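These numbers come from a predicted model, not from an experiment. Proteins get letters first, then strands, A, B, ... in listed order; numbering begins at 1 in each.
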Amino acid sequence: MTDRPSPKPPRSTREHKRWLVAALATGYVVAWWRFAATSTWRPASEEPAPERQVARPGAVRWLHELPPGQRPWVQPPAGWQVVTELAPPQPAALSSRRAVASRARRFRARTRSS
Amino acid sequence: MQTWHAMGTEVTLHAPELREAQERALAGELAALFEAAEARFSRFRRDSELARLSFGRGPTRVSPELWAALRRAQEHQQRTRGLFDPTLGAELTRLGYDRSFEQLTVAARAGTAHADVGAKPRGSVRAREPGGADEAAAARRPAARAPAGPLGGDRLTLDLEAGTVELPPGVQLDLGGMIKGATVDRAAALLPRNALLDAGGDLYAKGDDPLGDGGWAIEVEDPDAPGRALLELCVRDAAVATSAANRRRWPHRGQWAHHLIDPRTRAPARSSLRQVTVVASGVELAEVLAKSIYLAGPAAGLDLLTEHPQAEALVIDEQRRVLRAGAALALACAEAP
């Protein structure tokens with residue numbers, strides 16, 4: 001007597017649902033893949049469009065942030081006399097010189113912010 | 001020369017014509033003056049009269065000394081159009097300046113200073129080395145902003161009839177530099193003919209330096225290079241005071257805050273001036289004017305000077321120019337070699 005393969009039992013509703021979900025998921029992944037390949041969106045980490053790099057009007061820059069050669073000369077307010085225009089601050093090592101003998105004898109106090 | 005510590009700074013007496021014992025005795029007398037003033041006017045001492053007034057409630061009778069100081073503070077406030085404001089103690093506390101500056105500096109270095117009670121201590125704040133341009137810029141950017149309020153003396157009420165003082169809840173007094181200046185002025189009256197008293201840069205020069213050519217040589221510190229002088233004045237029988245944001249500053253919420261609070265914003269001032277030095281008849285006046293001109297800027301600061309014909313100001317602007325205006329009190333002014 002030959003054994004016949006028993007016919008496959010009919011698929012249950014649950015199994016049909018699994019196959020449907022798998023088919024839909026596959027279709028979704030394929031569609032997303034194709035969409036991403038053709039999309040022009042860029043991640044936020046990339047540089048913005050050039051027009052965004054223009055400084056906002058009214059942005060403040062302090063004078064001291066500009067290199068000395070680029071600082072505009074500003075007229076002092078009326079009533080103020082320019083005594084002197086100081087050189088940029090020197091490193092401490094360069095300012096340690098005390099050349100004149102009479103300076104060493106005379107007492108000097110120093111006014112500063114306190 | 002005698003030196004002692006008071007009001008959070010070093011005070012120096014130089015009276016070269018006194019013998020050392022006499023100078024030491026005079027220094028002791030002056031130190032007692034400073035201690036008495038600090039005991040009464042310090043906002044950091046909870047038992048001081050000023051602190052009790054700040055944290056008290058309702059109209060309060062005060063001593064004649066405190067009354068007189070508050071009256072002068074109100075006058076300064078009116079004459080500086082509100083730029084000098086003695087009621088910014090709470091703002092300073094909120095910014096983290098809630099203890100003496102020495103204690104604040106130690107705490108900041110230990111990474112334990114933080115502004116708000118109950119706030120989580122932040123990680124250690126990397127403080128840049130002082131004196132650099134970046135540092136000066138950071139000091140000029142306010143660390144905290146509070147809603148702007150009206151200028152004027154509406155937060156301090158002195159009832160002349162009742163002899164009482166009243167502050168609104170939450171408002172605290174801070175007379176700081178004004179009291180230091182007033183104390184130097186009182187001490188200056190006790191100085192011999194040729195002497196100089198220097199309280200951390202606020203000083204009175206009386207008579208002449210016996211070793212000099214007339215007057216006293218006063219160096220003006222470079223605000224961009226503390227420890228270096230950039231100007232030298234010659235001053236006789238006059239007071240000198242300087243205001244800048246470079247020294248008394250501390251880390252607050254990742255930025256630098258400083259002690260020159262702008263009453264218009266209740267935040268550390270942003271000024272177009274790097275430093276203001278005032279020469280005047282008294283140290284209290286010089287201190288008040290230096291601070292007010294720093295807050296006002298050169299244009300409005302000139303208006304303040306015109307109301308004080310016996311005062312002179314030297315300011316250093318953003319371009320490191322030294323500008324001079326007012327009475328010619330300094331006998332000489334030259335760039336330091």
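- Looking at every heavy atom in both residues, A:Val83 comes nearest to B:Arg324 through CG2-CB, 3.3 Å.
- Using bins of under 30°, 30° to 60° and over 60° for the plane-to-plane angle, the ring pair A:Phe107/B:His14 lands in the parallel bin.
- A:Thr111 approaches B:Ala241 most closely through the heavy-atom pair OG1-C, 3.9 Å.
- With sequence neighbours excluded, the residues satisfying salt bridge (Lys or Arg N to Asp or Glu O under 4.0 Å) with B:Arg193 are B:Asp237.
- No side-chain donor-acceptor contact under 3.5 Å links A:Ser113 to the backbone of B:Ser243.
- Looking only at distances, a side-chain donor or acceptor of A:Trp80 sits under 3.5 Å from a matching main-chain atom of B:Pro298.
- For B:Asp317, the salt bridge (Lys or Arg N to Asp or Glu O under 4.0 Å) partners two or more places apart in sequence, or in a different chain, are B:Arg321.
- Contact count against chain A (heavy-atom pairs under 4.5 Å) is highest for B:Val315 among B:Val315, B:Val276, B:Leu260, B:Ile316.
- The greatest number of non-hydrogen atom pairs below 4.5 Å with chain A, out of B:Leu230, B:Thr12, B:Thr9, is found for B:Leu230.
- Looking at B:Leu203, only its side chain comes within 4.5 Å of chain A, counting heavy atoms on both sides.
- Rounding to the nearest 0.5 angstrom, the gap separating the CD1 atom in B:Ile218 from the CZ atom in A:Arg110 is 11.5 Å.
- Here CG of B:Asp222 is found 14.0 Å from CZ of A:Arg112. Values are rounded to the nearest 0.5 Å.
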